[in-house]
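Data block below; observations after.
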Amino acid sequence: MHTLAAAALLVTTNALQLWKKPVAAPPSAPAIAAVDDHRRAVIGGHNWLTHAPPSYFARDKLTVKGPRANTDVGAPVDATRPLVKLGDVAVGSWSCSEGGWLSPAPRTSTEWFIMLEGEGSVDEEDGTRHRFAAGDVVVLPRGWSGRWDVQKDLHKVWAVHTHADDGRSTSPVIATPSQMSDGDIYKAGDTAVRVWTRQPGPVEVRDKATTESIYVLSGEMFVTNADGSAVRCVAGDTVALPRGWTGRYDVASAVKAVSVVVGKETTSAAAPAPSVSHAGGKRRPIVGGNWKCNPATASSLDELCRNFDGVAPYLEKCDVYVCPSNLHVALVKDNFTPGVHVAPQNCNFKGCGAYTGEMSVDQIQDLGLGWVLIGHSERRGEFGLPTPAESNQLMATKLQYILDQGLNCVFCIGEPLSIRQKGIQAIVPILKALEDKSRVVIAYEPVWAIGTGVAATPEQAQETHKGIRDWIAANVDRATADAIRIQYGGSANAGNAPELSSFPDIDGFLVGGASLKPEISDIVKAIAEAKV
Ligand code: PEP
């Protein structure tokens, strides 16, 4: 008997060992990897990706055009190498030695470029000078005219979009490396220039709606054509994808890139959506639906998912996520209008293993989900659950773990003051160290407003949101304060969302009751339209 018990114990403990964190599956490598630079550069064409490693654009590979005409400073010599032309978008590289010239004819295309080396400037007609240096991203919109100067021998990778005059501003736009957090640097007409970060994992793309020219800033991914031919893309590589492209990305380590996107964007689930927050002081709005412990029956889920169908037209401007009950996450995750994220309502900070009743980040990622919500006041002991309240320290530990594992996190704070202040205080070091501020969203929910039908007045909410932002500026830094998105939660509905949305520090909503109703679409519409 004694021996049997020992054997049973051994079997059980071995089983538990097996249930610990599974060995990570090797990243799904593409079938074929193109090897030589030449082949990698010429894969491009209408249906295929084009890829150029830095060596393709090495300065000695550029063709010298000869001394420039009409120069009024120095005798600059420029050189160029095209990469690909995809409809009205062309991609290539250019270098130029020191000197300057007038550019009096208004441009007939919008040009984007990233500076690889050197220093330069462009002047507007009124003499306003825009300087740029290595690492900067520059947009010269259609219609710009003025003068060009190269102060220090420069080299750049460019993409040019030829298009009709659409009345856009002609002023150059410059983003320095420190301004390259996720979001749009520039958007006008059909052209957008944006920074995005894509987390490890596969993304299938079907019939891409836009033409995209990508410059990889960091990370590693494989991009695979429909025929299985693929390239490994790392920092310094240029990748161009035509409209209509079908294939996949396999991100091995988080990829940060700046890309020029041309065309009308759709919200197809297949299209890799950038992870987004802000640029140029603008934060992308975000609305979440918290279903809490609802509905009672799985048969009601479809109806609740359909309530989100109306958000489709706004996904281009607004992030939307839904927090179903944990039992329902896997049942609904593929039943939303494409582009809506599913975010479990909690997770642990240890991973898989002997943690009864918990959910792990590994499991969340395995379902293909990229978001999780933690710290809701109903888990912090505010609503009389006879379980110990989750502490701020626990929240900080969870947040760090979640971010380390590559997920995005909605972090709830709220009244009473102990939650509001200590809640953020506990995560100051995490926010300080966080490179991509878009990965944390703060949901501020005054406890007295949750589920009561009594929302904070817009002025109260704005004042608190601003207070939180100022507090972050003082305790973390101004950039984090400006970039971080703060949602309001507490009886938000279609009636009060338009006015709340008009306040500058309210970046979105965490919606409980109303997210179980069709009015959730009106809430998304209200903030998407208010934050244009
Ligand atoms: C919530 O619980 O997150 C919430 C905001 O609920 P409600 O919108 O119902 O007040």
Side-chain angles (χ1 to χ4, degrees), residues 12-25 199-201 253-254 275 288-294 321-333 341-414 418-419 422-431 433-434 436 438-443 445 487 489 510 512:
T12 311
T13 44
N14 281 346
L16 283 176
Q17 292 301 326
L18 285 177
W19 289 343
K20 283 199 171 153
K21 187 174 171 162
V23 179
Q199 300 306 328
S253 64
S275 78
N290 179 12
W291 288 356
K292 308 188 183 188
C293 195
N294 294 299
Y321 65 88
V322 187
C323 308
S325 83
N326 299 321
L327 269 181
H328 291 155
V329 165
L331 293 176
V332 297
K333 74 178 178 66
H341 301 282
V342 169
Q345 297 172 8
N346 189 20
C347 72
N348 76 10
F349 57 95
K350 281 284 187 191
C352 292
Y355 308 111
T356 305
E358 287 289 341
M359 293 138 299
S360 74
V361 167
D362 314 59
Q363 293 166 329
I364 293 170
Q365 286 175 324
D366 182 56
L367 290 180
L369 309 178
W371 286 83
V372 63
L373 175 143
I374 60 170
H376 194 279
S377 55
E378 287 161 13
R379 300 192 58 83
R380 290 184 188 250
E382 285 305 315
F383 285 98
L385 280 181
T387 49
E390 293 183 352
S391 68
N392 292 318
Q393 197 43 53
L394 173 65
M395 286 307 110
T397 307
K398 281 192 183 188
L399 178 63
Q400 186 68 66
Y401 181 79
I402 288 164
L403 295 172
D404 287 347
Q405 301 297 308
L407 282 183
N408 301 288
C409 185
V410 180
F411 187 89
C412 302
I413 57 169
S418 57
I419 292 180
K422 291 208 204 96
I424 330 183
Q425 189 123 36
I427 62 167
V428 164
I430 303 171
L431 290 178
L434 188 64
D436 176 0
S438 70
R439 290 179 56 210
V440 177
V441 171
I442 290 179
E445 304 198 297
Q487 296 180 295
L510 178 52

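Every residue two or more places apart in sequence or in another chain that forms a side-chain hydrogen bond (donor to acceptor under 3.5 Å, both in side chains) with Ser325 is listed here: His328. With sequence neighbours left out, Asn326 forms a side-chain contact (heavy atoms from CB on, under 4.5 Å) with Pro344, Gln345, Met359.
No side-chain heavy atom of Tyr321 sits under 4.5 Å from any side-chain heavy atom of Asn408. Ile430 places none of its side-chain heavy atoms less than 4.5 Å from the side chain of Val440. Looking at Asn346 and Ile374, their side chains come closer than 4.5 Å, going by heavy atoms from C-beta outward.
Ser360 and Gly351 get closest at one heavy-atom pair: CB-C, 3.5 Å. Heavy-atom minimum distance, Pro200 versus Ala254: CG-N, 3.9 Å. Across every non-hydrogen atom of Leu403 and Arg439, the tightest pair is O-NH2, 2.5 Å.
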(request) For side-chain contact (heavy atoms from CB on, under 4.5 Å), just list the numbers for Val332 and Val322, CA-CA rounded to whole Å, side-chain angles, deciding distance to a tenth of an Å, and then say yes or no. (result) CA-CA 10 Å; Val332 297; Val322 187; over 6 Å; no
(message) Walk me through whether Leu407 and Gln199 qualify under side-chain contact (heavy atoms from CB on, under 4.5 Å).
(response) CA-CA 8 Å; Leu407 282 183; Gln199 300 306 328; over 6 Å; no
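Note that SG of Cys352 and CG of Asp366 are 8.5 Å apart. Values are rounded to the nearest 0.5 Å. In this structure, Glu445 CD and Leu510 CG are separated by 4.0 Å, a value rounded to the nearest 0.5 Å. Interatomic distance, CD of Gln405 versus CD of Gln400, reported as 10.5 Å (0.5 Å rounding). Note that CD1 of Ile402 and CZ of Phe411 are 9.0 Å apart. Values are rounded to the nearest 0.5 Å. To the nearest 0.5 Å, atoms CD (Gln425) and CD1 (Ile413) are separated by 11.5 Å. Remark: Lys398 NZ to Ile427 CD1 distance equals 14.0 Å, nearest 0.5 Å.
Remark: side-chain polar atoms of Tyr355 are not paired, donor with acceptor, to backbone N or O of Phe349 under 3.5 angstrom. No donor-acceptor distance shorter than 3.5 angstrom exists from the side chain of Arg380 to the backbone of Gly414, with no hydrogens or angles considered. Under the 3.5 Å distance criterion, the side-chain polar atoms of Arg379 are left unmatched by any main-chain donor or acceptor of Glu390. Without hydrogens or angle criteria, Asp362 side chain to Gln365 main chain gives no donor-acceptor distance under 3.5 Å. Without hydrogens or angle criteria, Glu358 side chain to Lys350 main chain gives no donor-acceptor distance under 3.5 Å.
Aromatic ring orientation, His341 versus Trp371: tilted (interplanar angle from 30° to 60°).
Screening Asn290, Val372, Leu373 for a side-chain contact (heavy atoms from CB on, under 4.5 Å) involving Val410 leaves a single residue, Leu373.
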